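Below is one structure, written out as structure tokens; comments come after it.
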Amino acid sequence: MQDHTLTYWQTSLQYIKQNVPADIYKASFEPLQFVSFDEGLLKVGVPNKLFAELFESNYAKYFLQVVSHYCGRSVRLKYVIEQKPAENVAPNPILVTPNEKEINRYRVTPQQTQAKMPPLDSQLNRRYTFENFVEGGSNKLSRSVGLSIAESPGKSAFNPFFLYGPSGVGKTHLVNAIGVRIKQLNPEKRVLFVSAHVFKTQYTDSVIHNTQNDFINFYQSIEVLIIDDIQEITTSKTQMAFFHIFNHLQQNNRQIIITCDRPPVLFEGIEERMLTRFKWGMVVEMEKPDTQLRRDILVSKIRRDGLEQAIPPDVVQYIAQNVESSVRELEGIVNSIMAYSVVDNCEIDMQLTQRVVARAVNLEKKELSADDISAAVCQRYGVKQKDLSSKSRKQTIVQARQLAMFLIHKYTDTTYSHIGRMFGKRDHSTVLYACNQVTRRIGVEKTFRREVEELESVLK
């Protein structure tokens with residue numbers, strides 16, 4: 001710890017030397033001597049009491065700002081009068097001090113300190129903006145929080161902003177949009193977007209080359225830090241480095257934005273104190289888009305690419321209903337359909353679309369049988385297949401029966417009447433009621449919707 005403190009001390013003085021006039025540095029900073037640093041108290045040796053008084057009045061505040069920046073924590077200052085042999089002390093020690101006008105001229109503010117830092121490439125993808133982020137029920141809250149952060153980064157209660165959800169739902173787009181908007185409103189802000197994988201690689205390189213202090217100091221200089229896919233930071237040493245960076249940024253009202261594929265409560269392999277800090281601000285889930293939002297996303301992309309005349313509305317609707325996994329897959333489907341139409345020299349119609357979608361999502365209705373679906377549902381709910389055809393009204397069995405009917409109708413060509421006969425010779429109205437019940441629950445019950453999505457993933 002003492003070696004690190006000496007490094008911070010030397011780095012701070014080097015920075016000050018480069019940013020104040022030479023005569024001021026020589027007279028007021030060069031005589032300082034490092035004594036000790038313990039629990040935030042920095043003891044510095046000074047030639048005499050007069051020096052300490054003048055330094056405290058004129059330069060102590062700036063000195064502490066710089067040291068705190070490099071040390072990564074708040075620092076207090078205590079002066080220690082050097083005890084020197086009498087023959088080595090000048091009879092009339094003189095401290096060169098500027099008058100009030102010179103003090104105001106040379107005193108360096110935190111804003112000047114920030115401005116003199118080297119320029120930073122934010123690594124933002126400027127194609128991802130709020131303007132082309134399509135809002136829907138699954139992302140309305142996260143978008144609203146993002147806009148609030150972009151207006152006042154680091155100053156709202158949404159710090160850190162922890163955004164989680166499955167891959168492909170638009171998390172990366174949204175956090176990039178926040179960063180882009182912040183840079184538009186505050187071009188001088190030091191904003192950085194970095195994936196957790198890159199962060200981990202950078203830290204490993206700093207350990208190999210013994211430049212950990214440079215690594216930590218760089219990240220502590222960031223004003224808006226956006227970490228993508230935080231679940232990839234799993235090693236204890238990398239977590240410790242991020243922990244110190246996180247604390248410094250948090251204490252200095254810097255904005256932290258984090259994306260993850262799971263909520264903090266399910267984040268395994270990370271220290272509890274880190275998880276606690278993730279929950280300090282705002283934790284928001286981004287869910288998979290529903291059919292309407294998928295359609296809106298497709299329409300937005302088609303308009304953006306000027307393809308309104310090439311892709312009919314019924315094709316858009318078919319894609320929205322059948323491609324459910326992610327926004328990326330939706331866009332990929334459109335690109336694939338365009339490519340096939342060019343190669344085959346044909347117009348985009350339903351036949352081409354169905355062929356491309358079937359290949360892309362690897363799910364054609366004929367590939368799944370009613371027995372496959374029933375078996376998967378029974379395994380999920382811990383019931384026997386004969387229970388689905390029974391007269392039982394137990395809640396678990398009824399729920400499994402209704403879900404099996406719903407999925408068989410969705411993924412096979414079986415009619416309502418035939419499905420009813422499969423489940424204890426029930427009529428088609430019972431099956432229709434079951435499908436409507438499942439559809440309603442998917443729309444209003446988040447937990448149930450996740451169960452259905454997970455089951456469909458297994459089927460696919």
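Hydrogens, waters and symmetry mates play no part in the numbers below; they use all other heavy atoms, side chains included. Everything numeric here is computed off the predicted structure, so don't read it as measured data.
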In terms of side-chain heavy atoms, does S390 have a donor or acceptor partner in D387 at a distance below 3.5 Å? no
Ring-plane angle category for W9 and F63, please: parallel below 30°, perpendicular beyond 60°, tilted otherwise. perpendicular
May I ask you to test the V452-F448 pair for a side-chain heavy-atom distance under 4.5 Å? yes
May I ask you to check whether Q123 and D121 show a side-chain donor-acceptor distance below 3.5 Å? yes
Which of I256, T259, I257, I230 passes side-chain contact (heavy atoms from CB on, under 4.5 Å) with F162? Answer is I230
Can you confirm whether D214 sits close enough to S206 that some side-chain heavy atom of one is under 4.5 Å from a side-chain heavy atom of the other? no
From CA spacing to verdict: side-chain contact (heavy atoms from CB on, under 4.5 Å), Q212, N210: CA-CA 6 Å; Q212 296 101 307; N210 197 28; 3.4 Å; yes
Run the side-chain contact (heavy atoms from CB on, under 4.5 Å) test on H197 and D229 for me, step by step, so that the C-alpha distance in whole Å, both residues' side-chain angles and the decisive distance to 0.1 Å come before the verdict. CA-CA 8 Å; H197 176 75; D229 290 327; over 6 Å; no
Check each of H248, H244, Q202 against Y219 using the side chain to side chain donor-acceptor pair (under 3.5 Å) test, and report the only one that passes. Q202
Go through I311 and I319 one step at a time and tell me if the side-chain contact (heavy atoms from CB on, under 4.5 Å) criterion holds. CA-CA 11 Å; I311 303 181; I319 297 172; 5.6 Å; no
Checking side-chain polar atoms at under 3.5 Å, does Y203 have a donor or acceptor matched by the opposite partner on Q239? no
Contact check, side chains of L163 and C260, non-hydrogen atoms, under 4.5 Å: no
Checking Y381 against E451 for the side chain to side chain donor-acceptor pair (under 3.5 Å) test, could you report, in this order, the C-alpha distance in whole Å, the side-chain angles of both residues, the deciding distance, and whether it holds? CA-CA 10 Å; Y381 287 94; E451 288 182 11; 3.0 Å; yes
Write down the atom of A320, the atom of L298, and the distance for their closest heavy-atom approach. N-CD1, 3.8 Å
Carefully, step by step, assess S369 and D372 under the rule side chain to side chain donor-acceptor pair (under 3.5 Å). CA-CA 5 Å; S369 69; D372 294 332; 2.9 Å; yes
E232 vs F199 side-chain heavy atoms within contact, under 4.5 Å: no
Residues S392 and V398: closest non-hydrogen pair is O-CG2, 4.0 Å
Can you see whether T204 engages T201 through a side-chain donor-acceptor pair at a distance of less than 3.5 angstrom? no
Does one side chain, of D427 or T430, offer a donor that lies under 3.5 Å from an acceptor on the other? yes
Say whether T415 and S417, considering side chains only, have a donor N or O and an acceptor N or O under 3.5 Å apart. no
Taking side chain to side chain donor-acceptor pair (under 3.5 Å) as the cut-off, I'd like each qualifying pair that reaches into residues 172-182, sequence neighbours left out, listed once. E131-R181, N132-H173, T172-D228
Counting heavy atoms not belonging to Q379, are there more than 12 under 6.0 Å from its CD? no
Decide whether Q402 and Y433 meet the rule of one side-chain donor and one side-chain acceptor closer than 3.5 Å. no
If you look at every heavy atom in P264 and V283, which pair is closest and at what distance? CD-CG1, 3.9 Å
With a 4.0 Å cut-off on N to O distance, would you call R450 and E287 a salt bridge? no
Hydrogens and angles aside, do Q399 and R441 bring a side-chain donor and acceptor to less than 3.5 Å of each other? yes
Measuring from S221:OG to N252:CG, what's the distance to the nearest 0.5 Å? 11.5 Å
Do E331 and V334 touch side chain to side chain, with heavy atoms closer than 4.5 Å? no
Check R143 with E135, please: is the shortest side-chain N to carboxylate O separation under 4.0 Å? yes
Any luck finding a side-chain donor-acceptor pair between Q292 and D296 under 3.5 Å? yes
Is there a side-chain contact between F161 and I258 (heavy atoms, below 4.5 Å)? no
Full working for side-chain contact (heavy atoms from CB on, under 4.5 Å) between S138 and V169: CA-CA 9 Å; S138 62; V169 296; over 6 Å; no
I want to check something: taking the side chain as every heavy atom from C-beta on, are Q220 and R254 in contact at a cut-off of under 4.5 Å? no
Is R304 close to S300 at the side-chain level, that is, under 4.5 Å between some pair of heavy atoms? yes
Applying side-chain contact (heavy atoms from CB on, under 4.5 Å) between K301 and each of I297, V299, D305, report the one that passes. D305
